[in-house]
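Accompanying notes for the structure given below.
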Amino acid sequence: MARLSLDKVEKVYPNGFKAVHAVDLEVRDGEFMVFVGPSGCAKSTLLRMIAGLESISGGELRIGERVVNELAPKQRGIAMVFQNYALYPHMKVFDNLAFGLRLAGVAKAEVASRVQHAAKLLEMEHLLDRYPKQLSGGQAQRVAVGRAIVKKPDVFLFDEPLSNLDAKLRAAMRVRLTELHRTLRESGQPATTIYVTHDQVEAMTMGERICVLKEGVIQQLDTPIALYERP
Ligand code: ADP
Ligand code: ADP
């Protein structure tokens with residue numbers, strides 16, 4: 001479990017464009033934080049800096065008590081879920097879930113137990129023997145989420161994970177992911193989450209707090225109810 005803090009975090013791209021301007025933010029331990037805003041407001045830049053996929057030009061990024069500015073993605077204790085799922089097509093679901101753990105040298109029994117636990121949480125025990133091409137879009141997205149859960153990260157990062165799904169499935173997955181977050185937190189497992197979306201309904205229904213970004217600065221940061229009452 002861990003909180004995540006940004007202290008005057010900046011991003012200047014190599015072409016000189018300043019995409020993020022001295023952002024201060026604290027995501028509380030176990031909190032579900034949504035980043036929302038129009039295309040180009042720097043949602044992905046911020047998320048990618050937190051993940052370690054993009055360098056930080058200034059300021060300090062901490063996960064728990066650790067400054068992670070210079071750490072490789074694998075050393076940060078984060079797990080990221082992408083919109084394109086990024087499943088390995090030649091591996092069964094079980095192995096898609098297990099692969100990263102096996103690489104990290106996690107013992108076989110522990111791998112199996114974490115995979116079963118994630119499969120149960122996401123109600124996909126019956127899918128473990130399938131290949132990705134045998135899954136629906138919603139099922140594939142659950143596997144992608146499961147792959148993050150088995151890692152037991154300090155922080156979950158979601159990058160527009162539902163944008164490839166149709167409206168009905170998207171609504172169902174919003175509920176499922178919200179419930180999953182609550183289940184993890186209530187059972188004392190790591191649950192700190194940053195969820196990026198350009199969809200205001202997603203932001204308002206899923207976020208415990210919402211960080212509204214505009215042109216690389218935080219424009220508003222509040223609960224959905226407060227934002228609704230004072231838009
Ligand atoms: P969002 O995810 O909110 O759509 P991005 O984080 O992708 O926004 O982009 C934020 C701003 O940074 C945009 O103006 C974008 O054009 C710019 N940007 C993104 N990547 C690069 C890059 N590699 N070089 C220069 N500018 C970039
Ligand atoms: P090995 O390490 O010898 O390959 P594993 O125990 O890792 O053996 O599993 C062999 C195959 O069986 C895996 O590739 C996986 O697809 C499948 N498998 C293993 N455990 C389960 C499980 N609990 N549920 C479904 N499939 C499983």
Side-chain angles (χ1 to χ4, degrees), residues 35 43-55 63 68 71-166 168-170 172-181 183-184 189-199 202 206:
F35 287 177
K43 301 183 294 293
S44 345
T45 300
L46 272 170
L47 201 72
R48 292 170 58 81
M49 285 196 289
I50 294 166
L53 303 173
E54 195 71 70
S55 65
I63 296 178
V68 302
L71 290 185
K74 279 198 164 69
Q75 300 172 310
R76 293 188 179 204
I78 51 111
M80 194 152 172
V81 179
F82 299 93
Q83 70 173 263
N84 63 2
Y85 320 138
L87 303 182
Y88 306 114
H90 58 291
M91 288 184 202
K92 286 180 180 177
V93 167
F94 184 96
D95 299 300
N96 262 283
L97 295 169
F99 183 71
L101 300 179
R102 288 176 179 151
L103 266 192
V106 176
K108 195 166 168 170
E110 171 72 11
V111 171
S113 129
R114 288 203 209 177
V115 168
Q116 291 298 343
H117 173 70
K120 190 152 182 266
L121 276 175
L122 289 156
E123 294 170 49
M124 57 179 196
E125 290 136 302
H126 59 299
L127 303 177
L128 288 173
D129 273 328
R130 293 204 198 166
Y131 285 95
K133 67 173 187 302
Q134 300 169 312
L135 302 174
S136 69
Q139 290 171 339
Q141 188 50 267
R142 267 144 70 195
V143 178
V145 174
R147 219 163 42 176
I149 288 176
V150 295
K151 283 192 190 172
K152 296 193 177 174
D154 291 322
V155 177
F156 290 94
L157 304 177
F158 289 90
D159 190 5
E160 308 243 4
L162 307 185
S163 47
N164 284 339
L165 305 177
D166 65 48
K168 198 172 156 213
L169 205 47
R170 214 157 48 226
M173 282 298 288
R174 285 205 294 266
V175 175
R176 193 186 275 272
L177 289 179
T178 304
E179 286 174 356
L180 174 70
H181 174 259
T183 303
L184 288 174
Q189 294 173 73
T192 310
T193 298
I194 299 180
Y195 187 101
V196 164
T197 182
H198 63 269
D199 181 331
E202 225 167 273
M206 297 180 77

Going from [atom1] on [X] to [atom2] on [Y], what distance comes out if it is rounded to the nearest 0.5 angstrom?
X: Thr183; Y: Arg176; atom1: OG1; atom2: CZ; answer: 11.0 Å
X: Ile78; Y: Leu53; atom1: CD1; atom2: CG; answer: 6.5 Å
X: Lys92; Y: Asp129; atom1: NZ; atom2: CG; answer: 4.5 Å
X: Phe82; Y: Leu157; atom1: CZ; atom2: CG; answer: 9.0 Å
X: Ser136; Y: Leu127; atom1: OG; atom2: CG; answer: 8.0 Å
X: Lys43; Y: Glu160; atom1: NZ; atom2: CD; answer: 5.5 Å

Side chains of [X] and [Y] in contact at under 4.5 Å (non-hydrogen atoms):
X: Leu97; Y: Met124; value: yes
X: His117; Y: Lys152; value: no
X: Leu121; Y: Leu184; value: yes
X: Val68; Y: Gln75; value: no
X: Leu47; Y: Met80; value: yes

Of all the heavy-atom pairs spanning [X] and [Y], show the shortest one and how long it is.
X: Pro89; Y: Pro132; result: O-CD, 3.6 Å
X: Glu202; Y: Thr197; result: OE2-OG1, 3.2 Å
X: Ala98; Y: Val111; result: CB-CG1, 3.5 Å
X: Pro161; Y: Val196; result: CD-O, 4.1 Å
X: Gln83; Y: Asn164; result: O-ND2, 3.0 Å
X: Arg142; Y: Leu122; result: NE-O, 3.2 Å

Inset, instruction - Check side-chain contact (heavy atoms from CB on, under 4.5 Å) between Ala79 and all other residues, then give those that pass, not counting sequence neighbours. - result: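 If we apply the side-chain contact (heavy atoms from CB on, under 4.5 Å) test to Ala79, skipping adjacent residues, the hits are Ala148, Lys151, Pro153.
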Legend entry - Asp95/Arg102 ion pair, N-O < 4.0 Å: yes
Taking the side chain from [X] and the backbone from [Y], do they hold a donor-acceptor pair closer than 3.5 Å?
X: Arg130; Y: Val93; result: no
X: Gln141; Y: Leu162; result: no
X: Arg147; Y: Ala86; result: yes

Legend entry - Summary of ring-ring contact (aromatic ring centres under 6.0 Å, His included) pairs that have at least one residue in residues 123-149, sequence neighbours excluded: none
Inset, instruction - Mind jotting down which residue pairs meet the ring-ring contact (aromatic ring centres under 6.0 Å, His included) criterion with at least one end in residues 137-164? Sequence neighbours excluded, please. - result: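 Those involving residues 137-164 are Phe158-Tyr195.
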Inset, instruction - Take Asp199 and Arg170, measure what side chain to side chain contact (heavy atoms under 4.5 Å, CB included) needs, and give me the verdict at the end. - result: CA-CA 11 Å; Asp199 181 331; Arg170 214 157 48 226; 4.2 Å; yes
Inset, instruction - Given side chain to side chain contact (heavy atoms under 4.5 Å, CB included), test His181 with Leu177 step by step and report yes or no. - result: CA-CA 6 Å; His181 174 259; Leu177 289 179; over 6 Å; no
